[in-house]
Amino acid sequence: MNLRNVAIIAHVDHGKTTMVDALLAQSGLFRANEATTERVMDSGDQERERGITILAKCTSIQWNGKAGETRINIIDTPGHADFGGEVERILGMVDGCVLLVDAEEGVMPQTKFVLTKALKMGLRPILCINKVDRAHADPDRVLNETFDLFAALGATDEQLDFPVIYASGRSGWATLDLAQPNDNLHPLYDLIVDHVPAPEAQARVNEPFKILNVLIESDPFLGRLLTGRIHSGKAVPGMAIKALSRDGKTIEQGRITKVLAFRGLKRQPIDEGVEAGDIVAIAGMSKATVADTLCALDVDTPLDALPIDPPTISMTVGVNDSPLAGREGDKVQSRVIRDRLLKEAEANVAIRITQTPDSDAYEVAGRGELQLGVLIENMRREGFELSISRPRVVYQTGKNGERMEPIEDVVIDVDDEFSGVVIEKLSARKAELTDMGPSGAGKTRIQLKCPSRSLIGYQGEFLTDTRGSGVLNRVFSHYEPHKGAIEGRLKGVLVSNSDGDTAAFALWNLEDRGVMFVGAGEKTYQGMIIGENSRSDDLDVNPIKGKQLTNVRASGKDEAVRLTPPRKMSLEQAIAYIEEDELVEVTPKSIRLRKEVLNPSFRKKRVRAD
């Protein structure tokens, strides 16, 4: 049987996972009466809730087309820049890729990122212009944009000679020529089989066994599962193997207890073994991790692991030391938090964990606020209580000793009327305008180069300025010398000066001061942030003071207490909102904002000392 390994890569929301749904459905994988779900590859809770792909996942289909019986291993990749580490890891497992580009939006920042990685590895992409049935689709413009991007990224003549196919993943059809309509995806299957080469590793089937581990996960019955593409030889259950680190040191020796290969959506145990070129998961090792080589006992040279781009954003994660600590979560000790963070860093190569001078806190560095927010959200659902600092950019030192900061490519689509305020706000944050023009349907596309730190906390302000209609996309570009100070949050906060339950009467009187973050009857403590001040300074207030009742009847009618609904923040919004002297308290049931120093007297002393 023929074998093809292919990755589907694209910018976020350009239709990768929907396209994989259609490919699976038309391959005959499901029974006629079998119940299926939308975005079947997005299996995680957060993936379904957020509507994005977070982890790269593999599936396998069998296709009987012009070239005969072929098994196609398809890897669905994340489209969001924060999860680019997943894309970087899995491109080493495939021999080709399908680059999806939206027929209306065209080339976007993540399109450039994933295409750069694919071209560097020598892959010959297939361009699939998706969503060509949209009202404002312009496939000819998108094709020209994509060709220009290939040329700008230094594609070889062979890579520039890419095949083009037009498709609608949601409707489940593809065609090589828009003048010839089609009602199925058969042309895409055949194009993958024709254009993607068979794995070179198939020629090394008689050599000693080697596989580079790319993904790691845990199974409650099989233990640690290590996934990768077999580089040479054959993986057979019961075979003695060892794990080599990148520098060639032996980590452990053991035996393969199970070989699992992707067959459809499920991994199935293969007893007779799997040959070189196929993507498999191997059980039986307890210490080997990502980028380690699993090999036969007589092999001494590890496989080269691809370099991963460094993290650009970091935050401090520590124990929750607020007066309400330990009431909602059961995992509150620093030792338990450290073990969980190290476990995450082992499986996710784009995250880096370091110990801070404070023994109860750890520095977690990643690609962006969303990636770190997903990690914290997973931890709170597992029962952890944490305190989170404001995100900071990861600086580097230049050749001449100067401070270098990360710069991002930013593409913004907004209604024409809001383009002025967006450019004004970002220019004040040291962004440089590189291109601007109409994108159709009364919208303007603005392209900028912007320091990463100026985008921290800007998303909420951006949505307010554009009445929720703007779309901001960003991806790390390079490092440049430090741009100087950038103005932070313009408004101060209202800080509780008492412990207890908030009173409706007190909050009603405080509404003139600003916007409340808490409602009546909620737990509060000294140093907790309960609202946003309408002025630029912080203000200590008493939110628990109730109305003084007497037995003297008032001549006038008591005013009814009607509270404005409080502003409730999501985890990412809270992390982006806080300043350097503030923390986010995260528990399984609550997200609270607080001052790092709770006592107001100590807080003022620290300000004077600074």
Among side-chain atoms of [X] and [Y], is any donor-acceptor pair under 3.5 angstrom?
| X | Y | answer |
| --- | --- | --- |
| D292 | N213 | no |
| S452 | E408 | yes |
| N473 | H11 | yes |
| E585 | S387 | no |
| E69 | Q62 | yes |

Item to check | Whether H186 and W63 hold their rings parallel, tilted or perpendicular, with breakpoints at 30° and 60° | outcome: tilted
Between the side chain of [X] and the main-chain N/O of [Y], is any donor-acceptor distance below 3.5 Å?
| X | Y | value |
| --- | --- | --- |
| H14 | V101 | no |
| T293 | L303 | yes |
| Q26 | L23 | no |
| K131 | E105 | no |
| E217 | L226 | no |
| Q371 | R367 | yes |
| R224 | G284 | no |
| K16 | L100 | no |
| R229 | V280 | no |

State plainly whether the residues [X] and [Y] are in salt-bridge range, i.e. N to O under 4.0 Å.
| X | Y | result |
| --- | --- | --- |
| E252 | K242 | no |
| D409 | K112 | yes |
| E346 | K343 | no |
| R474 | E369 | yes |
| D278 | K234 | no |

Can you name the nearest heavy-atom pair linking [X] to [Y], along with the distance?
| X | Y | result |
| --- | --- | --- |
| P163 | P125 | CD-O, 3.8 Å |
| S232 | A276 | CA-CB, 3.9 Å |
| A201 | G277 | CB-N, 3.6 Å |
| K331 | V336 | CB-CG1, 4.1 Å |
| A174 | L188 | CB-CB, 4.3 Å |
| E385 | I337 | O-CD1, 3.8 Å |

Are more than 12 heavy atoms, taken from residues, nucleotides or ligands other than [X], located less than 6.0 Å from that residue's [atom1] atom?
| X | atom1 | value |
| --- | --- | --- |
| D304 | CG | no |
| D157 | CG | no |
| R381 | CZ | yes |
| Q333 | CD | yes |

Item to check | Heavy-atom check, side chain of I241 versus side chain of I256, under 4.5 Å | outcome: yes
Item to check | 4.5 Å side-chain heavy-atom contact, L225 and I216 | outcome: no
Checklist outcome for this item: One should read off an interatomic distance between I8 CD1 and D76 CG, to the nearest 0.5 angstrom, of 7.0 Å
Checklist entry - Rounded to the nearest 0.5 Å, what separation is found between the CZ atom of R267 and the OG atom of S60? => result 13.0 Å
Item to check | Option passing side-chain contact (heavy atoms from CB on, under 4.5 Å) with P187 (candidates L191, L185, N184, D190) | outcome: N184
Checklist entry - Checking side-chain contact (heavy atoms from CB on, under 4.5 Å) against Y362, which of T316, V319, L341 comes through? => result L341
Item to check | side chain to side chain donor-acceptor pair (under 3.5 Å) between S314 and E363, worked out | outcome: CA-CA 7 Å; S314 72; E363 184 103 347; 2.9 Å; yes
